[in-house]
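What follows is one structure encoded as structure tokens, with my remarks underneath.
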Amino acid sequence: MISTVASMEVMVSNASSSFDPEDGSIYDSANDMKAFDETKGGVKGLADSGLIKIPRFFVHPPEKPQQPPSKSSNINLQVPIINFEGFESSRRKDVVNEIRRASENWGLFQVVNHGIPENVMDDMLEGVKRFHEQPQEVKTEFYTRDADQRVKFFTGALLLTKEPAIWRDTVAFDFKDGKLDPQLFPAIMREEVGEYFRHVTKTGKALSELLSEALGLRRNYLSSIECMETESLVGHYYPACPQPELTFGTTTHSDPSFLTILLQDNKGGLQVLHQNQWVDVPPLQGALLVNIGDLMQLITNDRFRSVEHRVLAGEVGPRISLASFFFPSTANTFKPYGVIKELLSDDTPIYRATHLAEFMGQYMSTGSYISTLSHFKVSSGQACPSTEDTDHLKSI
Ligand code: OGA
Ligand code: NI
């Protein structure tokens with residue numbers, strides 16, 4: 001079965017190049033990464049060993065001149081905050097309008113009064129923290145590259161891309177069609193995962209209706225095309241980093257999902273690219289962060305925008321976050337998703353149809369997490385492949 005984000009994280013690429021901070025050269029770090037991977041201790045294991053300098057395969061080259069100025073953030077821009085209070089009654093129209101504006105202009109927004117109790121969110125983040133802080137030998141039982149494992153622990157997005165490693169460990173849960181046997185959850189966070197999943201699924205459904213309306217479609221449009229039925233819950237742990245200016249917690253990327261709901265703790269470090277400037281996404285007590293994914297941008301013909309974001313490494317840690325990625329149901333892995341016809345009055349479609357298997361295959365093959373949407377532009381002239389053409393993708 002095709003993997004979603006959680007399982008894709010464990011794919012291996014052949015070569016990785018890192019930047020040597022001592023002499024500015026580029027070296028092939030694949031062997032060093034492999035050795036680190038085999039420790040199965042994650043970045044936390046490394047950080048706990050008390051090192052003062054980070055290994056060079058974590059070092060990212062200085063940012064290119066055409067990119068926005070380094071890690072500073074523009075303080076005059078503020079990510080929209082939407083209050084969901086009354087969204088099922090008196091304030092629905094306002095909430096729908098705010099979601100439309102934010103999805104068109106920013107591609108992400110913070111939500112308050114979304115209905116998930118604060119203790120459920122706090123307990124979830126605590127659960128992620130406990131998982132990563134438990135004795136290494138217990139944690140490593142979940143350390144795997146097997147794409148079929150639906151609960152897994154992995155680190156540093158290692159060997160995934162040609163990019164240097166990142167200062168982050170992850171525990172991931174693959175709820176295919178919303179289902180995952182709780183017996184598979186690590187005991188140390190079993191209840192928290194189940195409880196948070198139930199709530200975030202409800203929030204996902206509410207958002208699918210609100211986004212449908214924000215597009216001027218009937219309320220159940222997005223649920224009727226089953227594009228948000230599978231969820232990957234991904235719990236990140238960003239240890240304190242002795243040289244945060246040399247690496248990243250998460251490198252610049254857009255999410256390949258239809259939609260992502262992110263829960264972050266109060267440490268900060270998340271930034272979003274807006275009007276070619278990096279803008280901090282400040283932690284907001286009790287809030288959830290919602291961002292549009294690449295596939296949503298595709299089916300809305302660029303009306304709603306997926307957005308590039310990243311997480312800075314921090315001198316103080318750990319920072320904990322929990323991302324919920326929404327994808328189509330497994331029965332729809334090979335179902336074509338193209339631009340929604342109802343949105344195409346005069347416009348021509350910018351993108352051709354694609355299916356999840358092809359889209360994810362393309363995303364993984366680029367060796368970088370920058371959006372692959374341009375590959376699906378109509379002008380690139382390729383038709384949506386048939387199921388037979390992509391049988392080989394079933395094994396990723
Ligand atoms: C992600 C992501 C941000 C964070 O997992 O795709 O962007 O705050 N995470 O961890
Ligand atoms: Ni992301």
Side-chain angles (χ1 to χ4, degrees), residues 3-10 42-44 71 73 79 106-111 121 124-125 127-129 131-132 152-158 160-161 163 165-175 196 200 231-241 244 247-274 278-284 287-297 305-314 316-327 360 363-364 368-373:
S3 46
T4 50
V5 164
S7 40
M8 286 186 315
E9 293 276 7
V10 290
V43 175
K44 180 171 191 308
K71 302 194 171 177
S73 161
V79 171
W106 281 82
L108 95 171
F109 46 92
Q110 306 236 44
V111 177
M121 301 197 291
M124 179 73 242
L125 291 174
V128 173
K129 185 162 185 280
F131 174 85
H132 289 284
K152 49 183 140 334
F153 163 51
F154 52 90
T155 185
L158 214 54
L160 292 179
T161 67
E163 293 174 6
I166 54 176
W167 204 255
R168 179 185 95 180
D169 294 336
T170 299
V171 60
F173 301 83
D174 202 356
F175 285 83
Y196 183 78
V200 81
E231 265 176 73
S232 287
L233 252 53
V234 175
H236 300 306
Y237 185 96
Y238 299 90
C241 180
T247 189
F248 282 95
T250 298
T251 42
T252 304
H253 68 285
S254 58
D255 295 347
S257 55
F258 276 85
L259 195 75
T260 305
I261 299 180
L262 184 85
L263 170 60
Q264 63 165 336
D265 73 3
N266 59 8
K267 296 291 190 313
L270 177 63
Q271 297 187 323
V272 60
L273 192 59
H274 181 70
W278 286 108
V279 178
D280 285 329
V281 184
L284 180 63
L288 288 171
L289 196 79
V290 176
N291 66 277
I292 301 293
D294 293 339
L295 284 164
M296 186 72 83
Q297 177 167 341
R305 314 299 294 237
S306 80
V307 64
E308 286 178 11
H309 51 285
R310 67 183 187 183
V311 180
L312 305 182
V316 180
R319 172 183 186 270
I320 316 286
S321 67
L322 192 279
S324 309
F325 300 105
F326 290 85
F327 286 98
M360 287 309 197
Y363 184 77
M364 294 311 300
S368 135
Y369 291 144
I370 307 296
S371 171
T372 49
L373 271 179

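We count ligands from 1, going down the list as the structure has it; atoms in each ligand are counted the same way. We're numbering straight along the sequence, starting at 1. Computation of the quantities below employed the complete heavy-atom set of this structure, encompassing side-chain atoms and omitting hydrogens, waters and symmetry-equivalent molecules.
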Which is the closest N/O/S atom of [X] when seen from the Ni ion (ligand 2)?
X      : result
His253 : NE2
Asp255 : OD1
His309 : NE2

Taking 4.0 angstrom as the limit and counting only heavy atoms of [X], give me the atoms of ligand 1 inside it, by number and element.
X      : answer
Tyr238 : 4 (C), 10 (O)
Ser321 : 4 (C), 8 (O), 10 (O)
Asp255 : 6 (O)
His253 : 1 (C), 2 (C), 6 (O), 7 (O)
Phe325 : 1 (C), 5 (O), 6 (O)

Going from [atom1] on [X] to [atom2] on [Y], what distance comes out if it is rounded to the nearest 0.5 angstrom?
X      : Y      : atom1 : atom2 : value
Asp169 : Phe131 : CG    : CZ    : 9.0 Å
Leu259 : Ile292 : CG    : CD1   : 5.5 Å
Gln271 : Thr250 : CD    : OG1   : 11.5 Å
Met296 : Asp294 : CE    : CG    : 11.5 Å
Arg305 : Leu373 : CZ    : CG    : 9.0 Å

With atom 9 (N) of ligand 1 as the reference point, say which of Val281, Leu263, Leu262 has the nearest heavy atom.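 Looking at heavy atoms only, the winner is Leu262.
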For atom 8 (O) of ligand 1, which of Arg319, His309, Glu308 has the closest heavy atom?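 Answer by nearest heavy atom: Arg319.
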Measure the acute angle between the ring planes of His274 and Trp106, then classify it against the limits of 30° and 60° as parallel, tilted or perpendicular.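 Geometry flag for Trp106 against His274: parallel rings.
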At under 4.0 Å between heavy atoms, which part of Val234 makes contact with ligand 1: side chain, backbone, both or neither?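 For Val234, no heavy atom sits under 4.0 Å from ligand 1.
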Is it the side chain (CB and beyond), the backbone, both or neither of Arg310 that lies under 4.0 Å from ligand 1, heavy atoms counted?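 None of Arg310 does.
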What do the steps show when you test Arg319 against Val311 for side-chain contact (heavy atoms from CB on, under 4.5 Å), and what is the final call? CA-CA 10 Å; Arg319 172 183 186 270; Val311 180; 3.7 Å; yes
Side chains of Tyr238 and Ser321: closer than 4.5 Å at any heavy-atom pair?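 They are in side-chain contact.
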For atom 5 (O) of ligand 1, the protein heavy atom that lies nearest, with its residue and separation: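 Result for atom 5 (O) of ligand 1: His236 NE2, 2.7 Å.
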Heavy-atom nearest neighbour in the protein, as seen from atom 3 (C) of ligand 1, with distance rounded to 0.1 Å: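 In this structure, atom 3 (C) of ligand 1 has Val311 CG2, 3.7 Å as its nearest protein heavy atom.
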Given side-chain contact (heavy atoms from CB on, under 4.5 Å), test Ser324 with Tyr196 step by step and report yes or no. CA-CA 10 Å; Ser324 309; Tyr196 183 78; 3.9 Å; yes
Would you say Thr250 has any N or O atom under 3.5 Å from an N or O of ligand 1, going by distance alone?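 No, there is no polar N/O contact under 3.5 Å.
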Sub-3.5 Å N/O-N/O distance, Arg168 and ligand 1: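 Looking only at distances, the answer is no, because the N/O contact criterion of under 3.5 Å is not met.
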Closest heavy-atom pair and its distance - Pro283, Gly268: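 In this case the closest contact between Pro283 and Gly268 is CG-N, 3.5 Å.
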Among Thr260, Thr251, Asp255, whose side chain to side chain donor-acceptor pair (under 3.5 Å) with His309 holds?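 Testing His309 for a side chain to side chain donor-acceptor pair (under 3.5 Å) against Thr260, Thr251, Asp255 leaves exactly one candidate, Asp255.
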contact_flag Gln264 ligand 1 heavy-atom lt 4.0 Å: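 No, that is not the case, since the closest heavy atom of the residue is not under 4.0 Å from the ligand.
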